[in-house]
Amino acid sequence: MHLKSVYQLLCLDFIVGPSIMKSVSSNVSFLVYVFLFLAIKESLARDADIPHNEVTNWAIRFGVQMWEIGKQTTRLKDIHERYKQEATIRRVDGLELLRQMADDVDKMVESRTLAVRRIMDVAEQASMSHREDSGIVANYYNAKRLNEWYDGDQVELKEGYKELKLTPNPRFFGTSVNLSLSSVHVPTNVFDGAPDVQNSLFWSERLNPIFVHNYETDPTLSWQFFGSSTGYMRQYPAVKWLQDEYEADLFDCRVRPWYIRAAASAKDMIILLDTSGSMTGVRKEIARHVVINLLETLSDNDFVNVMKFGEVPEAVVPCFQDKLVQANLENIRELRLALDETETVNIANFSAALTQGFEILAKYNRTNQGTQCNQAIMLVTDGAPQNYHEIFEKYNLPHKPVRLFTYLIGREITDTKATEDISCNNKGYFTHVTTLAEVREQVLKYIPVLARPMVLYQNHHPVVWSHVYADLTGKTANSNPRYRLMTTLATPVYDRRNFSNITEYILVNDAVWVERIKTVIFQ
């Protein structure tokens with residue numbers, strides 16, 4: 001392109017530019033000018049003998065045009081006039097302003113804390129006064145079984161569904177809700193007909209009045225939840241769930257950050273994954289899902305590492321060797337991706353794996369690293385050959401600072417004695433995972449065990465704030481998900497009933513005794 005043609009193009013654009021600005025956005029014009037500026041720069045590189053004055057004129061014209069466009073776009077003159085007419089100047093005490101802001105934040109936090117404590121008080125009283133009944137049937141609104149009719153005629157409700165009046169509410173981003181009641185979400189992997197679930201649903205109905213009171217007291221309050229350890233979540237105001245009974249629904253309140261942080265203290269966790277030759281096929285897949293579900297129960301307050309062990313224990317992520325990493329999203333993603341590349345070979349060396357796990361946790365405890373709170377080892381295997389008492393005697397006795405949880409993989413495994421002893425002798429919990437369907441339920445059993453130290457101090461209810469997260473509030477007109485940023489305040493609810501264990505040994509024959517344990521609740 002010749003210099004003359006570039007100059008003509010530039011002049012043409014300057015002439016047409018102001019008129020075009022009336023019909024197109026300023027962003028488009030700006031891009032056009034940038035393109036022309038680049039074209040000039042390219043031409044200058046080819047024609048080094050351009051007079052300096054001519055380039056200066058181009059720059060002046062370009063600057064003038066951009067200034068005019070800026071004044072038209074920002075309406076600078078109008079802003080100046082408004083300031084002259086309406087603006088006033090007054091002195092502000094910076095320290096006083098900071099104090100006022102601090103007071104406002106303090107009042108907001110206090111009001112939220114009082115609201116969640118009111119829910120906690122009513123929940124504990126309702127649970128303590130309720131008498132367990134194995135035949136009880138709770139009457140509640142299932143969020144996934146609302147307002148569905150046969151053939152869409154709104155005459156005959158589908159079997160198992162209920163009708164509930166829902167009205168769009170701007171306070172909940174236009175979502176249709178019922179302000180008088182709460183609805184219940186039950187995860188796909190939880191049977192809502194189980195006696196423990198039905199009893200909990202029955203007494204938690206008494207939370208509805210306090211939900212309404214909190215809503216009317218604080219106009220800025222949003223959703224209110226009660227998450228049960230049995231799996232269901234009671235939500236106020238009542239709302240229809242986005243997925244119905246027959247659609248894939250992976251939501252479980254027990255793995256939400258607000259639940260995890262309130263249910264248990266921060267923890268350092270070592271996950272030992274058996275990758276010996278026997279962990280193949282279905283066992284390998286179940287074990288992988290156990291580890292993934294364990295990782296999902298962690299928050300940014302926790303530290304974790306996953307170590308695979310055959311003959312030699314090693315971190316699944318090489319750069320995480322001999323260390324714990326914060327359980328943030330990036331590190332959890334790396335650990336999950338590395339699980340897909342594990343291979344099952346050789347014979348499992350439990351002694352080396354347990355020793356390395358204890359040494360890493362002891363190092364972090366001595367050097368004031370990690371959480372300086374709970375410590376746990378999660379052993380995922382298809383069976384331990386012995387109870388390894390000598391290792392636990394060296395690293396964990398007598399105070400047992402590290403809890404040890406065992407996940408026995410495989411339906412056909414019958415010899416569970418050694419694996420049970422490993423967990424029961426180290427203040428942990430033993431679970432037998434036989435199918436993929438029960439992985440989550442079995443994994444979540446470790447949370448109440450880690451929460452035991454908190455439950456011992458039943459008068460202390462720590463209040464925790466979750467990080468800001470994207471909450472799904474509905475769908476757009478194009479059926480795309482709609483999100484809002486949200487933070488959640490949570491506190492634990494303790495079961496204040498007095499549980500006592502009665503253990504008896506029954507003689508089956510001349511050589512075999514069977515241990516039977518019965519839990520008695522003193523009302």
Kindly indicate whether the side chain of [X], heavy atoms from C-beta on, has any atom under 4.5 Å from the side chain of [Y].
{"X": "F309", "Y": "D274", "value": "yes"}
{"X": "M269", "Y": "M378", "value": "yes"}
{"X": "L489", "Y": "V463", "value": "yes"}

State the [atom1]-[atom2] distance between [X] and [Y], to the nearest 0.5 angstrom.
{"X": "M66", "Y": "T73", "atom1": "CE", "atom2": "OG1", "value": "8.5 Å"}
{"X": "N301", "Y": "N328", "atom1": "CG", "atom2": "CG", "value": "11.5 Å"}
{"X": "L273", "Y": "K308", "atom1": "CG", "atom2": "NZ", "value": "9.0 Å"}

### Query
How would you list, by chain and number, every residue that makes a ring-ring contact (aromatic ring centres under 6.0 Å, His included) with F173, sequence neighbours excluded?
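For F173, no residue satisfies ring-ring contact (aromatic ring centres under 6.0 Å, His included) once neighbours in sequence are set aside.
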Without hydrogens or angle criteria, can the side chains of [X] and [Y] be said to hold a donor-acceptor pair below 3.5 Å?
{"X": "Y429", "Y": "T406", "value": "no"}
{"X": "D249", "Y": "T188", "value": "no"}
{"X": "N214", "Y": "R118", "value": "yes"}
{"X": "N142", "Y": "H185", "value": "no"}
{"X": "T297", "Y": "R440", "value": "no"}
{"X": "E124", "Y": "H461", "value": "yes"}
{"X": "Q125", "Y": "S129", "value": "no"}
{"X": "T230", "Y": "D196", "value": "no"}

### Query
Got a sec, which pairs hit ring-ring contact (aromatic ring centres under 6.0 Å, His included) with one end in residues 217-236, sequence neighbours left out?
F172-W223, W203-F226, F211-Y236, F225-W258
### Query
Just wondering, more than 12 heavy atoms not from Y161 lying within 6.0 Å of its OH?
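Counting neighbours around OH of Y161, more than 12 heavy atoms of other residues, nucleotides or ligands fall under 6.0 Å, so yes.
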Tell me every residue that passes salt bridge (Lys or Arg N to Asp or Glu O under 4.0 Å) with [X], counting only those two or more places apart in sequence or in another chain.
{"X": "R82", "value": "E86"}
{"X": "E68", "value": "K71"}
{"X": "R234", "value": "E205"}

Using a strict threshold of under 4.0 Å (side-chain N to carboxylate O), is an ion pair present between [Y] and [X]?
{"X": "R288", "Y": "D340", "answer": "yes"}
{"X": "R283", "Y": "D382", "answer": "yes"}
{"X": "R145", "Y": "D192", "answer": "yes"}
{"X": "R254", "Y": "E441", "answer": "yes"}
{"X": "E148", "Y": "K240", "answer": "yes"}

### Task
Indicate, with yes or no, if the rings of W241 and F251 have centres closer together than 6.0 Å.
yes
Kindly list each side-chain donor-acceptor pair under 3.5 angstrom involving residues 314-323, sequence neighbours excluded, with atom names and distances?
residue	atom	partner	partner atom	Å
Q321	OE1	A315	N	2.8
D322	OD1	Q356	NE2	2.8

### Query
Just by modelled atom types, is the L164 backbone N or O under 3.5 Å from a matching donor or acceptor in the N147 side chain?
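Yes; judged by distance alone, with no hydrogens or angles, the pair exists.
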### Query
For the side chain of Q326 and the backbone of D300, is there at least one donor-acceptor N/O pair under 3.5 Å apart?
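Indeed, once roles are kept as given, a pair shorter than 3.5 Å links the two residues.
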### Task
Might you point out which heavy atoms bring M279 and T381 nearest each other, and give the distance in Å?
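Heavy atoms only, the tightest pair is SD-C, 4.2 Å.
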